[in-house]
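Note that these values count all heavy atoms, side chains included, but never hydrogens, waters or copies made by symmetry. Below, chains carry the letters A, B, ... as their sequence lines are ordered, and counting in each starts from 1. Just so we're clear, the structure is a prediction, and the values are computed from it rather than from any experiment.
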Protein chains: 2
Amino acid sequence: MSMLKIGQLAKSTNVAVATLRYYEAQKLLQRPARAANGYRLYPQETLTQVRFIKRAQALGFSLQEIRELLFLKVEATRHSCHEVKQVAEDKLSNVRERILELQSIESALATLANKCCGGPEMAAGCSILRELDEGAIK
Amino acid sequence: MSMLKIGQLAKSTNVAVATLRYYEAQKLLQRPARAANGYRLYPQETLTQVRFIKRAQALGFSLQEIRELLFLKVEATRHSCHEVKQVAEDKLSNVRERILELQSIESALATLANKCCGGPEMAAGCSILRELDEGAIK
DNA sequence: CTTGACCCTAATGTTAACTTTAGGGTTTAT
DNA sequence: ATAAACCCTAAAGTTAACATTAGGGTCAAG
Ligand SMILES: [Zn+2]
Ligand SMILES: [Zn+2]
Ligand SMILES: [Zn+2]
Ligand SMILES: [Zn+2]
């Protein structure tokens with residue numbers, strides 16, 4: 001139960017087999033040991049590593065950024081806490097900016113939707129369309 | 001100063017000329033009038049349209065979604081006010097979903113960043129890396 | 001009248017993050 | 001012993017959203 005074949009790793013991380021091989025090619029995962037037959041044999045640790053990748057991805061990191069995080073981690077003894085925190089904070093302010101922009105579009109759309117009667121008549125005179133014409137959404 | 005050539009439109013919207021032609025091919029922009037020499041001639045209105053595209057894009061909308069928004073007017077004669085309003089409301093709830101997702105990412109990142117001392121010492125024990133490893137974050 | 005900045009179309013190239021395909025070996029279960 | 005299920009590599013395909021290139025007109029300035 002110690003070493004995992006790629007299919008088992010795939011199943012327990014919910015990541016496609018081809019994706020795991022892709023991550024390896026992209027150096028997001030170390031090249032695993034091989035059995036006599038050539039099959040990849042992953043240590044349990046790899047489960048954590050794959051989950052790290054998925055989690056970071058869910059937080060909006062690109063594979064490139066994740067690679068940088070993993071590099072910092074592997075080379076932890078040569079990089080400062082500050083460097084790592086900086087990566088996280090850059091991402092955080094990026095996310096906050098996008099939230100603000102989305103909120104501004106939200107209110108624009110809400111305003112539009114509120115002005116429309118939503119009735120069954122043809123939309124020729126629909127207020128939404130009129131507003132779009134006049135550049136209410138910009 | 002009424003009609004714009006593609007280069008002027010490109011410059012004042014900060015979008016590449018090739019991109020404008022691409023948008024046209026993708027039906028995000030109406031096919032503009034042409035001068036006798038074949039040059040595209042855009043009305044001022046197009047400035048607003050291009051900026052709308054760029055802004056919506058920065059908010060994470062795909063060109064496909066943007067196309068739907070921009071097509072509301074064109075579809076007006078074939079659809080009821082109700083249908084048009086429905087499209088707007090779908091977009092609105094889409095935007096609200098995105099906001100919620102981003103907010104959950106925001107708090108996860110903020111939690112991470114807060115736990116890290118950000119000091120100059122080596123990142124061997126950095127809490128960000130530890131948390132990503134341990135899955136303490138969602 | 002020539003140079004350089006623009007414009008045109010059509011086609012091909014690019015990047016990210018995968019997925020699919022082609023062509024074979026290997027394991028497992030019946 | 002044979003079929004289903006798994007594994008391998010190398011390469012090509014996919015999607016989005018452009019960018020670049022090739023080949024060729026157009027226009028203002030000097
Ligand atoms: Zn109405
Ligand atoms: Zn309406
Ligand atoms: Zn620290
Ligand atoms: Zn730290």
Please output the side-chain donor-acceptor pairs of residues 17-29 of chain A that fall under 3.5 Å, not counting sequence neighbours, one pair per line with the distance.
from, atom 1, to, atom 2, distance (Å)
A:E24, OE1, A:R40, NE, 2.8

task: Please identify each residue that fulfils side-chain contact (heavy atoms from CB on, under 4.5 Å) with A:N37, with sequence neighbours left out.
output: A:A35, A:Y39
field: Whole angstrom value for the distance that separates P of D:dC27 from CD1 of B:I6
entry: 16 Å
query: For the pair made of CZ in A:R31 and P in D:dT9, what is the distance, rounded to whole Å?
result: 9 Å
field: Gap between atoms CZ and C1', on B:R21 and D:dC18 respectively (whole Å)
entry: 13 Å
Pairs where residues 81-93 of chain A contributes a residue and the test side-chain hydrogen bond (donor to acceptor under 3.5 Å, both in side chains) is met, not counting sequence neighbours: A:E65-A:K91, A:H79-A:E83, A:Q86-A:D90
Whole-Å gap separating C1' (D:dT9) and CD (A:E24): 12 Å
message: Rounded to whole Å, please give me the gap between CD in A:Q8 and C1' in D:dC6.
response: 10 Å
query: Who passes salt bridge (Lys or Arg N to Asp or Glu O under 4.0 Å) against A:R78, sequence neighbours left out?
result: A:E75
statement: Contact string for nucleotides 16-30 of chain C, one letter per nucleotide 5' to 3', B = base within protein heavy-atom range under 4.0 Å, S = sugar-phosphate only, - = neither, reads -BBBB----BBS---
Qualifying residues under side-chain contact (heavy atoms from CB on, under 4.5 Å), relative to A:T111, sequence neighbours excluded: A:K115
Nucleotide D:dC7, atom C1' - distance to CE of A:M3 in whole Å: 16 Å
- prompt: Is A:V87 reachable from B:M122 through a run of I, L, V, M, F, W or Y residues, each pair having side-chain heavy atoms under 4.5 Å apart?
  reply: no
- prompt: Rounded to whole angstrom units, what separation is found between the CG atom of B:L20 and the P atom of D:dT20?
  reply: 15 Å
